[in-house]
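Input: a single structure, listed below in C-alpha cells.
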Amino acid sequence: MRNSEIARVLRIISVYEDMMDGFFKARAYDRAARAIESLTEEAEDIYRRGGKEELMKIPGIGLAISEKIGDLIETGRTEHLEELKKRLPVDVEDLMGLEGVGPKTIKTLWQKLKIRDIAGLEKAARGGKIRELPRFGEKSEADILRSIEFKRKHSGRFLLGQALPVLEEIRGRLAKVPGVKRVIIAGSARRMRETIGDADFLVATSDPKRAMDFFQGMPDVEHVFSRGKAKVLVGLKSGMDADLQVVEEKSFGAASQYFTGNKDHNVALRRIAISKGMKLNEYGLYRGDRQIAGSSEEEVYEKLGLEWVPPEMRENLGEVETAAKGKMPDIIPYGSLRGDLQTQTSWTDGSNSIMEMASRAKELGMEYMAVTDHSKRMAFTGGLDERKLERQAREIDTANKKMRGFTILKGIEVDILRDGKLDLKDSALKKLDIVGASIHSSFNLSRKDQTERLVNAMENQNVDIIFHPTAREIQKREPCDLDMDAIFDKARETGTILEVNAMPNRLDLRDDHIRAAKEMGCKFSIDSDAHALKHFDYLLLGVGQARRGWLEKKDVINTLSLDRMLKELK
DNA sequence: GCCGTTTTCGGCCCGACTGTTTTCAGTCG
C-alpha cells in the first residue's frame, strides 16, 4: 500500500476521532498521516524491513498507529476504521471535501437527518431541513448549497501534483515494456494544468498488443472500459480514467501534438494546415497522400511555419499567432531556480529543522533558501512573535556557519491582518533579509476591502513578497475577491514581488494571473512553501505554472544569484 | 494516541471569524 493511501486512511480515522470528541487522538492521527506523507521512502518498505518497530522510529508513529499501518499493509484494511464506520456509516471524505463542513457538522447531519454523503446533504438542504438543525440557519443552509455547487464544478478532476508522480511511475513502467521505443504523458498533465481530468499515455512501439496487454494488466487498473486496435481506456483505482494510445514511430510527433492539445490549439493548427494546402491529423502532416512531417513535434510545427510551442502554452491564448510571427518568448526552463524564498521549518508547522531543510535544498542544487515560518497569529502552528524570531535568527547564524556554498536567509511569512496591518512590528521585520506577507483569514471581505488590505501590505517598506496572493485553494476555495489590476499595479509601483506558490493545492498566483501581472511589469518568485523535505519537489509545479503564464527567466528573481536576487527586494 | 534533559502521567490546540446565538460551537489555518 502506498504512502498516500495509508495517509488517507489515517486522516479518515482522524476525522472520526474528532467526531467522537477524541480531540487529541484526532491530532495524533493527523500528525501520523503527515509523517507518512512526508516520508521519502515507502512505509511498506520500512515495514517489510523491520516491522512495526521500524515504523515506530518515525516521529508521530507510536505503538497503536504502527499496528494499524501494519494491518493496512498486510490486509488492506484496519479493524479500527471498520468499527468506526459501523458506528457512523457516513462518507467522511466526501463530506469533508466541502468548505465549511467539519467533523461536528457531519456527526450532527448523521444523527439528526441520517445524512451519509453530499447527495443526501443536498437533498436535505434543498428541502429546507438544514435550517431546522440546532445552530444552523438559512444562511448556513445556503452556504452548504454553495459549497456543494462549488465542489461539483470541479469534480472528476485531480490535482496535478497528486497525479503527476503516479503518471510518471506508469510512464516509467511502460518505457520498459519490450518493443516500446518512445512513451510520453500527453494531455493536460503535459500542459501542466493545475488539475487534470484523465491521463493520456502515448506509446510508439513495434508490438502494440504487448504494450496494451501490459497497460490494462497493471495493478493500478480497476477495470477496462474499452479496447481497440490502437487504444485502451481504463479506470484506475484512484478514480482517474487513463488511456493508452499506440502509434507507429513515424507518427509519434504528430500524435503527441494531437493528444497534448488543448482542443482549440489543435483546431488552430489544423486551420493553418488547410490554409497551406495541407492536412494535419494524429498520424502526421500531409500534402496529398504524402506525409511531410510526423515523427517529431518540432517538424510538425516547423512545416506549418510556426515556432515550436511548449506544451504549457498550448491553450490557444495567443500562442499560435505569436509562434507564426516567430516571437515566442523564451520561457523559464525547468531546473532554473537557484533559491527558494518560502519554506517552513519545525519552528512552526514544518516537519524538518532549518539545517535539514537547507541541506536538502543544497542537495537539489540550490544556492540559497529563506526560512519563512509563520507569525504569531497562526497560533496553532506555534507562530513566531518578535522574541522567538530573534531566537530563530541566532539558530540561522549558527546553521549558516555549517553550510558551505549555501546561504540561509532570515525571513518570515507574516500574516496580513483583516485591516491590512501586519502581525509583527516593523522593527522586527526590518531586521530580516526577506519578508513575505500573506492572507490566512477573512477570505470573504468585499473586493474593495480585500484589495485595500493587500495594497496596505504592499505599501509597507518591509514587505518584499506577497505569498500566495489570492489565498485560493484549488477545488476548495475561490481566490479572494481582489481587483487584480490594482494589485498588480501596486506591486509594480512598490517593487513588491508576487509569488507563484508551488504547493499542489495552491498554485497561486494562477497561470492567467501570472500572465496578466507580467504584462503589467511585475516580478515574481517561484517558491515551494515546503513544510517537509519532500515538498521541494513541488517547485516543478511552480515552474510549470510560470511557463503557463509565459514567464521568462528574467521575470523570476530566484533564478538570480543571491546578491542579485537581494537587490530585487525592497 | 504520542511523547519525555522539568514529566512514564499529563500535557498536547491557539486565535479569529462566522452564524448562531444571549454566551458559544464549529471551522479554518
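In what follows, every chain begins at residue 1, and chains take the letters A, B, ... in the order their sequences are listed.
For the residue pair A:Thr381 / A:Asp349, no side-chain donor-acceptor distance below 3.5 Å is found, with atom types taken as modelled. Between A:Ser525 and A:Asn558, the side chains place no donor N or O within less than 3.5 Å of an acceptor N or O (distance only, hydrogens not considered). Side-chain atoms of A:Ser375 and A:Asp423 form a donor-acceptor pair, as typed in the model, at a separation below 3.5 Å. For the 3.5 Å distance criterion, the side chains of A:His80 and A:Glu17 qualify, holding a donor opposite an acceptor. Remark: the A:Asp529 side chain and the A:Gln344 side chain contain an N/O donor-acceptor pair separated by less than 3.5 Å.
For the C1' atom pair drawn from B:dC9 and B:dA16, the interatomic distance equals 33 Å after rounding to whole Å. Separation of the P atoms belonging to B:dT21 and B:dG26 is 13 Å when rounded to the nearest angstrom. Comparing the C1' positions of B:dC12 and B:dT7 gives a spacing of 13 Å, expressed to the nearest Å. Taking atom C1' on both nucleotides, B:dT20 is separated from B:dC14 by 22 Å, rounded to a whole Å. The gap from the C1' atom of B:dT8 to that of B:dG1 amounts to 14 Å, rounded to the nearest Å.
Nucleotide B:dC2 holds its P atom 14 Å from the CG atom of A:Asp30, rounded to whole Å. Look at CG on A:Asp18: it is 14 Å from C1' on B:dG1, rounded to the nearest Å. What separates CG of A:Asp349 from P of B:dC12 is a distance of 18 Å, to the nearest Å. Following rounding to the nearest Å, A:Asp415 (CG) and B:dG15 (P) show an atom-to-atom distance of 14 Å. Counting to the nearest Å, the P atom of B:dG1 and the CE atom of A:Met20 are 13 Å from each other. One interatomic measurement links the two molecules: CD1 of A:Ile36 to C1' of B:dG1, which rounds to 14 Å at whole-angstrom precision. Note: CD1 (A:Ile69) to C1' (B:dC2) measures 13 Å, nearest angstrom. Separating the CZ atom of A:Arg418 from the C1' atom of B:dC17 is a distance of 8 Å, rounded to the nearest angstrom.
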Under 3.5 Å between N/O atoms: give me all the protein pairs with nucleotides 3-10 of chain B, atom names plus distance.
residue	atom	partner	partner atom	Å
B:dC3	OP1	A:Gly60	N	2.6

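Applying the 4.0 Å criterion to OP1 and OP2 of B:dC14, one finds that A:Arg27 has every side-chain N and O outside that range. Taking only side-chain nitrogens and oxygens, A:Lys68 comes nearer than 4.0 Å to OP1 or OP2 of B:dG1.
Atom CZ of A:Arg87 has 12 or fewer heavy atoms from other residues, nucleotides or ligands within 6.0 Å. Few gaps surround NZ on A:Lys570; more than 12 heavy atoms of other groups in view lie less than 6.0 Å from it. Other residues, nucleotides and ligands contribute only 12 or fewer heavy atoms inside 6.0 Å of the NZ atom of A:Lys448.
The aromatic ring of A:Phe24 is not stacked on the base of B:dC2, since the criterion of ring centres less than 5.5 Å apart with planes inclined by under 30° is not met.
For the atom pair A:Asp426 CG and A:Asn462 CG, the distance stands at 5.0 Å (nearest 0.5 Å).
Of the nucleotides present, none pairs with B:dT8 by Watson-Crick or G-U wobble criteria with both distances under 3.5 Å.
Under the 4.0 Å criterion applied to side-chain N and carboxylate O atoms, A:Glu82 and A:Arg77 are assigned as salt-bridge partners.
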remark   = Protein heavy-atom contacts under 4.0 Å, written 5' to 3' over nucleotides 20-29 of chain B as B (base), S (sugar-phosphate only) or - (none), form the string B---BSSSSB
